[in-house]
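Throughout, residue positions are numbered sequentially from 1 according to the sequence presented.
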Amino acid sequence: MPTIESLLQSADLPDSPSARLDAEWLLAAALNKSTSYLRTWSEREVPAECAERFAADLARRRQGEPVAYILGRQGFWSLELEVAADTLIPRPDTELLVETALQLLSAAPARVLDLGTGTGAIALALATERPAWQVCGVDRVEAAVRLAERNRLRLGLHNAAFTLSDWFAGLNGERFQMIVSNPPYIPASDPHLLQGDVRFEPQSALIAGADGLDDIRTIIAQAAAHLQSGGWLLLEHGYDQAEAVRMLLLSRGFEDVQSRLDLGGHERISLGRLP
């Protein structure tokens, strides 16, 4: 039988920028072990059925399918979340949205809205860190709402809830102390849509018109009707869209408008406060 190390060394993922790490995640899943187990026990033999699953998953990864979709899970913040092809894969840069939200509001009771919740990643991270908050996550895709609810139930969080809504349409005038969103923000002509993992992700969760700002414009235009006085709106956006988003916030009367840098040094989120 092959050993853990021999399988990892022979894993052929020429188009992946993280080939070794991808192979480790896939083999760990096939063995139902951690990646640290692989490194500690690299000479242990791998049972035939586990090697077969690893080979099948490697074949899927060679076709470009994201590791998160193959495994059906992805880490975000301190959580492990179920993921599926109905939603975007949560990414580390989006944790900046969570960090900033936690900085802006105290731990006192508050109502927070996560627009376009997808897997529920942002909402569930906030609910985990702030037990006194009531966090509502909405999505216009019914399968995404069901997925977010499964994640909520598995994590045992009672201060989060998910509902079907196309942005604010289903909220019946409810108001919140904070609104957060990682909306679609990629221009329709962006060549990156044909590369890497995003080829497998839902286009409706990625593309927002010719300049990528259509959904952000909609959110900013409608947010004031759903924010309490002094409430914050936080938006993730593209690396080169911060100035445009700040201008949109200012044009709608938001104050304390600013942007924050992601791990790569790009202005990744912008925010403003309703007077």
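A chain of hydrophobic side-chain contacts below 4.5 Å, direct or via other Ile, Leu, Val, Met, Phe, Trp or Tyr residues, connects Leu97 to Leu79. By the rule that hydrophobic residues join a cluster once side-chain heavy atoms approach within less than 4.5 Å of another member, Ile89 and Ile122 end up as members of separate clusters. A continuous path of Ile, Leu, Val, Met, Phe, Trp and Tyr side chains, each step under 4.5 Å between heavy atoms, connects Val67 with Leu27, placing both in one hydrophobic cluster.
Taking CZ from Arg91 and CG from Leu96, the interatomic distance works out to 15.5 Å, rounded to the nearest 0.5 Å. Between Trp77 atom CH2 and Leu124 atom CG the span is 13.5 Å, to the nearest 0.5 Å. The line from CG of Leu113 to OG of Ser181 is 8.5 Å long, rounded to the nearest 0.5 Å.
For the pair Trp232 and Leu227, the tightest heavy-atom approach, listed with the atom from each and the gap, is O-CD2, 3.5 Å. Between Ala223 and Leu233, the closest heavy-atom pair is CB-CD2, 3.8 Å. Nearest approach of His226 to Ile179, heavy atoms of both residues: O-CD1, 4.0 Å. Residues Arg111 and Arg175 approach most closely at NH1-O, 3.1 Å, considering heavy atoms.
In this structure, Gln228 places its CD atom where more than 12 heavy-atom neighbours from other residues, nucleotides or ligands lie under 6.0 Å away.
For the pair Leu115/Pro183, no side-chain contact is recorded, criterion being any heavy-atom separation below 4.5 Å from C-beta on. Using a 4.5 Å heavy-atom threshold, the side chains of Asp114 and Leu126 count as separate. Leu81 places a side-chain heavy atom less than 4.5 Å from the side chain of Leu155. At a threshold of 4.5 Å between non-hydrogen side-chain atoms, the residues Arg268 and Arg260 do not count as touching. Between Val135 and Leu157 the shortest side-chain heavy-atom distance does not fall below 4.5 Å. Two residues are said to be in side-chain contact when any heavy atoms from C-beta on lie closer than 4.5 Å; Thr35 and Arg39 meet this criterion.
Using a 4.0 Å cut-off between a side-chain N of Lys or Arg and a carboxylate O of Asp or Glu, Arg152 and Glu149 qualify as a salt bridge. With salt bridges taken as basic N to acidic carboxylate O contacts below 4.0 Å, one links Glu24 and Arg20.
Between the side chain of Thr3 and the backbone N or O of Glu45, no donor-acceptor pair lies under 3.5 Å. Side chain of Arg246 to main chain of Ser270: no donor-acceptor pair is present (N/O by atom type, distance under 3.5 Å, no hydrogens or angles). Here the side chain of Asn151 pairs a donor or acceptor atom with the backbone of Glu82 at under 3.5 angstrom.
Residue pairs meeting the side-chain hydrogen bond (donor to acceptor under 3.5 Å, both in side chains) criterion with at least one partner in residues 209-220, sequence neighbours excluded, are Trp167-Asp215, Asp211-Arg217, Asp214-Arg217. Residue pairs meeting the salt bridge (charged side-chain N to carboxylate O under 4.0 Å, His left out) criterion with at least one member in residues 92-108: none, sequence neighbours excluded.
Side-chain atoms of Ser34 and Ser36 include a donor-acceptor pair closer than 3.5 Å.
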